[in-house]
Every structure is written in C-alpha cells, then in structure tokens.
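These values consider heavy atoms only, across backbone and side chains, with no hydrogens, waters or symmetry-generated copies. This one's a predicted model, so the numbers in the text were calculated from it and none came from an experiment. Each chain gets a letter, A, B and so on, in the order the sequences are listed, and its residues count up from 1.
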Number of protein chains: 2
Amino acid sequence: MTVEAEALTATFTALADPTRRAILARLTRGEATVGQLAEPFDVSLPAISKHVKVLQRAGLIEQTRRAQWRSCRLRAEPLRDIVTWMGQYREFLGDSFDRLDQYLTDLQKGERP
Amino acid sequence: MTVEAEALTATFTALADPTRRAILARLTRGEATVGQLAEPFDVSLPAISKHVKVLQRAGLIEQTRRAQWRSCRLRAEPLRDIVTWMGQYREFLGDSFDRLDQYLTDLQKGERP
DNA sequence: CAGTTAATTAACTACACAGGAAAGTATGAA
DNA sequence: TTCATACTTTCCTGTGTAGTTAATTAACTG
C-alpha cells in the first residue's frame, strides 16, 4: 500500500467513529484539553485519550503540552486529502461538483491559501 | 446516534479499507460483476464478496442480478453526504474551499443536478 | 517533600472484522 | 437431470479495537 493510501486509511478509520467525529466537531470551536474533550461524553477519560491518539495518528489533531494539560488543535490536511481523493468521483457527484473540481485544480497549482 | 450519523459511520467504515476503495475506483470505469471486481486482487472471491456487501450496506454500491451474475454500480449519495459533512470544516480548509461551500449551499437549496 | 491534577499506560473483557476453506444456492447450458 | 458457472453463506482463526478499572507518569501547589 502506498503512503497516501495508508494515510487515507488512517483518516477514514479515525472518522468512522461517531465519538471521534464529535471530538473533531468540538475542536472547530477552538482548542481544548483532553479533559475538556471528554466532558460531553459518557465514557471514561482513558477511552477519550485513546480516541485522541487515533485522531493524532491520522494527523487530524495536533497536541501541545502546557504544564499538565495537553491542548488539542484541529489539523486540516487529512481532510484536504479526502477532498483530493474524492476528485476521482466528481462526475458521479453531478455537475455542481465542478466547483469542487475547480478547487482541486487550484490545489494542484499550489494555490493553497 | 442519529440516522445520518449512522450512515456516515457506515460510509467511513467502508472507505477505511484500501481494497474497498480500489473496488470503488474500479467502478468509476463502469459496471462490473463480483468476479470481475475480484480479479485484480490476490484474495479469495468470498473475501471480495464480503467487501462488496460492506459497500452495499453503506449505499456506495448497487447490485442488479442478471442470470447468475450480479452487476455492481457505483452510487454517489454517500459521497455527497461526506461532502456535506465536510462543510463544517470549510474555514479550516482555507478560502478556496468557498467553492465547495457554494456547492453545499446549492445542495441545500435543492439544486442537486 | 507530600498531595493534587491531568493524562497516559497496562491489563483485561467483549466484540467486530479480514481472511481462508468448504459447503450451499441460484441460474443457465448440454 | 446433470454439470458448470457465479456467487454467497457458514465456520473457523487471528487480529484489531472500544470499553472498563487500576496503576503510573508528569507537572504544579502548599
């Protein structure tokens, strides 16, 4: 399996869990510690800690240590890789998807913002 | 878990396997029977049959029976659902993602092609 | 230093899943 | 009705993962 394929596998695997998707959604509202991420869920802290590790392995989360807290921040690259991967299906997603197609073209030209 | 969340889970789970992603990619070149789908892979037919079933459960594949062959066709809806889900991350994907954002807006207005 | 807080690691259980081999099903052909 | 083709289903094994509690690490606090 190529490197990109392994990365995609890790990303899709990470996104296949609803708790992990909820953690990502939470992080769009700003950084959070593992404890803060755990709060809305009815599972133990170790369980959340493992979810965070899976998200980290996929590159979807970046952790920085501050004292005994580990602040988690969202990383967009893996999501962009999914958009790129979806490019091969644009004709199946309808003509409106041309806008996404255009976005992908820009990406390849290095016009990433 | 909501219905949509379960659908997303099934879709991401299906896409988390490289063999299944390869099967999908093959189907962009046209319909194929299970046997034809199995050909490029070094695994048994039963294994492919099971992969096809996972893709079917996720709604990514549609099967029609013709004699003893089962022709598989790609279905785009789950991929569109992923695009919709990615909408919440558009600001993290950069300004160029606005084009995708516009596409999503069109989708919500019912302007699906 | 002892104690508290934040999070990870370890050890375990339960379950899902990828894979193979072998048997079963369904359709068409001789 | 017998055989071949195209799958699917069943049963099995090994592996991965989500969850738990308990123990451990790391850093600050009094």
Look at [X] and [N] and indicate whether a side-chain polar atom (N or O) is within less than 4.0 Å of OP1 or OP2.
X: B:R66; N: C:dT27; result: no
X: A:Q63; N: C:dT8; result: yes
X: A:H51; N: D:dG19; result: yes
X: A:T33; N: C:dA7; result: yes
X: B:S49; N: D:dT8; result: yes
X: B:S44; N: C:dG20; result: yes
X: A:R70; N: D:dA26; result: no

Atom [atom1] of [X] and atom [atom2] of [N]: how far apart are they, to the nearest Å?
X: B:K53; N: C:dA16; atom1: NZ; atom2: P; result: 15 Å
X: A:I23; N: C:dA7; atom1: CD1; atom2: C1'; result: 14 Å
X: A:I48; N: C:dA6; atom1: CD1; atom2: C1'; result: 14 Å
X: A:R57; N: C:dT8; atom1: CZ; atom2: C1'; result: 14 Å
X: B:R65; N: C:dG28; atom1: CZ; atom2: P; result: 9 Å

Output the distance between atom CD1 (B:I48) and atom CD1 (B:I23), rounded to the nearest 0.5 Å.
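If we round to the nearest 0.5 Å, B:I48:CD1 and B:I23:CD1 are 4.5 Å apart.
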
Which nucleotide in the list D:dA22, D:dT5, C:dA7 gets nearest to the side chain of B:Q68?
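For the B:Q68 side chain, the nearest candidate turns out to be D:dT5.
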
Among C:dA6, C:dT9, D:dA18, which nucleotide has an atom closest to any side-chain atom of A:D17?
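In terms of side-chain proximity for A:D17, the closest of C:dA6, C:dT9, D:dA18 is D:dA18.
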
Is any side-chain N or O of A:K50 under 3.5 Å from a base N or O of D:dT20, one able to act as donor and the other as acceptor?
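Pair found.
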
For residues A:M86 and B:V83, determine if any side-chain heavy atom of one lies less than 4.5 Å from a side-chain heavy atom of the other.
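Side chain of A:M86 against side chain of B:V83, heavy atoms only: contact under 4.5 Å found.
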
Name the residue from A:R75, A:R66, A:R70 that meets the salt bridge (charged side-chain N to carboxylate O under 4.0 Å, His left out) definition with A:E31.
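By the salt bridge (charged side-chain N to carboxylate O under 4.0 Å, His left out) criterion, A:E31 pairs with just one of A:R75, A:R66, A:R70: A:R66.
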
